[in-house]
Amino acid sequence: MAPQPVTDPQGDEPFVPQPAGTALERGAALIRTHARTLPNRPGVYRMLDARGDALYVGKARDLKKRVATYAQVQKLPNRLRRMVAETTSLEVVSTHTEVEALLLEINLIKRLTPRYNLLLRDDKSFPNILLTGDHPFPQVSKHRGSKGRKGEYFGPFASAGAVNRTITTLQKAFLLRSCSDPVFQSRTRPCLQFQIKRCSAPCVGRISEQDYAALVAQARQFLCGDSSEIQTQMAAAMQRAADAMDYEAAAGYRDRLRALTQVQAHQGINLEGVADADVIAAHQEGGHSCIQVFFFRGGSNFGNRAYFPAHDRDMALPFVIADFLGQFYESRPPPPCLFLSDVPAERELIEEALSLSAGRRVHIAVPQRGAKRQAVEHARANAREALARRLSETSSQRRLLQSVADLFGLEGPPQRIEVYDNSHIQGASPYGAMIVAGPEGFRKNSYRKFTIRGEGDAASAAGDDYAMTREVLTRRFSRALREDPARDQGTWPDLVLIDGGPGQLAAGLSVLAELGIEDLAMAAIAKGTDRDAGRERIHLPGREPVTLPANDPVLYFLQRLRDEAHRFAIGTHRARRSKLIGRSMLDEIAGIGSARKRALLHHFGSARNVGRAGLADLEAVPGISKAVARKIYDHFHGA
């Protein structure tokens with residue numbers, strides 16, 4: 001007689017009892033056997049498959065009771081039935097308290113990435129702002145990773161973009177240097193940052209150490225959240241300078257005051273009365289979840305980031321949030337307050353675990369009214385929109401761009417990639433070209449061509465590809481610093497690719513260092529030793545060259561970008577060369593139109609013969625007067 005279906009209490013589908021000896025029954029029997037010997041105390045259990053890999057990691061207040069529930073397969077949802085069917089062994093670790101069990105569970109999930117757990121795929125650390133403390137003139141810079149350098153760290157910020165905007169404000173308002181120490185020591189004259197009034201040029205003695213220290217103190221005060229007092233001080237200084245008729249100094253204070261005002265306008269939504277907090281909101285749709293985290297530090301909005309944790313389609317939102325909180329704060333300290341959109345499962349336990357991890361009290365709240373509720377709803381709306389965008393994207397394109405991000409160490413899938421190439425023939429008609437690509441494909445309205453001028457610091461000798469690369473990148477990013485210093489207009493790339501090898505990469509990196517840009521991902525793509533497509537070598541700063549497999553989709557994507565840049569550069573060069581070929585030496589003489597040029601060419605046969613002709617010969621040409629003949633003769637003979 002066939003097994004009869006039993007109604008599944010989880011409501012996902014009817015459960016059909018399996019005959020003895022099936023994988024599901026063997027897994028349930030194994031669990032029952034283990035459960036009999038387990039203690040009635042807190043701990044962590046691991047379900048393992050035949051290869052010894054972790055299928056699931058869970059924690060329990062009572063190990064014996066919790067593990068025994070997995071043997072009651074008729075009460076389990078489909079996801080856990082599949083897990084039980086794959087289970088061939090079980091490992092258990094007992095702990096003193098349930099909080100310890102929770103912390104151990106989080107650690108094991110991050111380390112083992114079990115297939116049946118919610119997984120937060122976030123291996124990128126958050127950036128901070130560093131005010132260095134090992135130099136007489138401290139540098140302001142973005143910092144990511146271990147805090148080994150002496151100085152003060154402010155953050156975390158949600159993204160590199162949030163850091164860049166804040167550093168731009170610090171430069172505009174407090175004129176702090178962003179260049180590295182080697183660049184600082186090698187300067188002999190002020191750089192572009194000084195010219196656009198974003199640095200006080202301490203490298204060449206334009207400001208004393210004492211006055212610079214005062215600017216650093218104001219910047220520190222601003223980063224700690226006390227911008228109102230600084231604004232008051234600047235307004236008073238501006239008025240004193242104006243009263244003393246020192247209008248240049250007054251204008252400087254005005255510009256710095258304006259920078260502070262603009263950054264407050266960019267804050268969007270704020271939490272009054274709360275110094276440090278994270279606002280976390282979640283939205284579920286179609287079995288997928290998006291969690292938005294907004295960071296508030298020192299009373300200021302430090303940006304936000306969206307997360308898409310991998311989990312089973314039937315996992316309820318409270319459990320998604322609970323697992324997210326545990327894994328999210330496993331490697332980063334939580335702030336004193338967390339404002340959530342929904343109550344997480346086991347809220348009190350999570351509070352206790354986070355407090356133990358942080359070494360201070362961490363409070364979880366679900367605001368119901370006021371500014372905090374408004375901030376949560378704002379985050380929820382962002383989560384809803386981000387999930388809709390993600391679901392509308394094709395999975396193949398998303399995986400491809402994520403693979404590109406992984407290869408080049410980007411924070412997320414790139415939204416703007418710029419590729420550069422140069423073209424010339426033995427130095428003649430040199431051109432640089434930039435093409436732009438994004439998730440939607442090539443953005444041809446953003447392409448740019450650069451006529452190589454060979455002037456200034458980036459002087460490009462004929463055929464010097466490195467010098468051409470320096471000139472093109474210098475012009476491109478000098479303009480970007482002037483026109484979009486806050487990087488909020490979508491004109492800054494997430495990734496810069498250069499057609500070339502380590503020499504071109506070194507030239508590009510030297511330009512970024514010169515301009516004080518230290519957070520832009522850059523790489524060079526060179527063909528292999530036989531210059532065959534498919535053997536490209538990708539040169540990255542500080543790393544060995546990477547060679548991707550010939551059938552790798554990322555390699556094919558990068559080849560398309562490189563080939564498009566090459567096509568655009570060659571096309572630009574050819575168009576210019578054709579135009580020059582079509583021109584005549586006679587075109588350079590004022591007053592010689594098409595009719596006179598035709599008469600001269602018909603009479604002498606070529607422009608070269610016109611240049612060799614004597615004055616009397618020129619006067620003999622029909623339509624050429626004595627005055628015009630003299631002008632032509634003087635042009636070719638230097639009179």
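In this text, all values refer to a predicted model and were calculated from it rather than measured experimentally. The first residue in the sequence is number 1, and the count goes up from there.
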Determine, step by step, whether Y447 and F568 satisfy the ring-ring contact (aromatic ring centres under 6.0 Å, His included) criterion, reporting the C-alpha distance in whole Å, the side-chain angles of both residues, the deciding distance to 0.1 Å, and the verdict.
CA-CA 9 Å; Y447 286 15; F568 184 58; 5.1 Å; yes
CA sep, side-chain torsions, deciding dist, call: E411, R144, salt bridge (Lys or Arg N to Asp or Glu O under 4.0 Å)
CA-CA 11 Å; E411 287 190 337; R144 194 191 295 274; 2.5 Å; yes
Run the numbers on H311 and H288 for side chain to side chain contact (heavy atoms under 4.5 Å, CB included), then give the verdict.
CA-CA 8 Å; H311 61 80; H288 299 272; 5.7 Å; no
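Of the possible polar contacts, one joining the Q139 side chain to the S178 backbone as a donor-acceptor pair under 3.5 Å is found. Judged by distance alone, the side chain of R443 and the main-chain N or O of N445 form no donor-acceptor pair under 3.5 Å. Using a distance-only test at 3.5 Å, with no hydrogens or angles considered, no donor-acceptor pair links the side chain of S341 to the main chain of R380. Using modelled atom types, one side-chain atom of S355 and one backbone atom of V362 make a donor-acceptor pair closer than 3.5 Å. At least one donor-acceptor pair closer than 3.5 Å links the side chain of Q284 to the backbone N or O of M315. For the pair R177 (side chain) and C199 (backbone), a donor-acceptor distance under 3.5 Å is absent. Panel note: side chain W492, backbone D484; a donor-acceptor pair is recorded below 3.5 Å. Here the side chain of N117 pairs no donor or acceptor atom with the backbone of I109 at under 3.5 angstrom. The backbone N or O of T474 sits less than 3.5 Å from a side-chain atom of S478, completing a donor-acceptor pair.
The cationic group of R332 lies under 6.0 Å from the six-membered ring centre of F328 and within 45° of the ring axis, placing it in a cation-pi geometry.
Residues passing the ring-ring contact (aromatic ring centres under 6.0 Å, His included) test with H283, sequence neighbours excluded: none. Shown here are the salt bridge (Lys or Arg N to Asp or Glu O under 4.0 Å) partners of R479, two or more places apart in sequence or in another chain: E483. Remark: D53 engages D49, R51 in a side-chain contact (heavy atoms from CB on, under 4.5 Å) (not counting sequence neighbours). Looking at residues two or more places apart in sequence or on another chain, you find a side-chain contact (heavy atoms from CB on, under 4.5 Å) between R115 and L55, E86. Taking the ring-ring contact (aromatic ring centres under 6.0 Å, His included) definition, one finds that Y420 meets it with nothing, sequence neighbours left out. Residues passing the ring-ring contact (aromatic ring centres under 6.0 Å, His included) test with F319, sequence neighbours excluded: none.
Between D494 and R487 no salt bridge is recorded (no basic side-chain N to carboxylate O distance below 4.0 Å).
Residues Q327 and Y307 bring no donor and acceptor atom of their side chains to less than 3.5 Å of each other.
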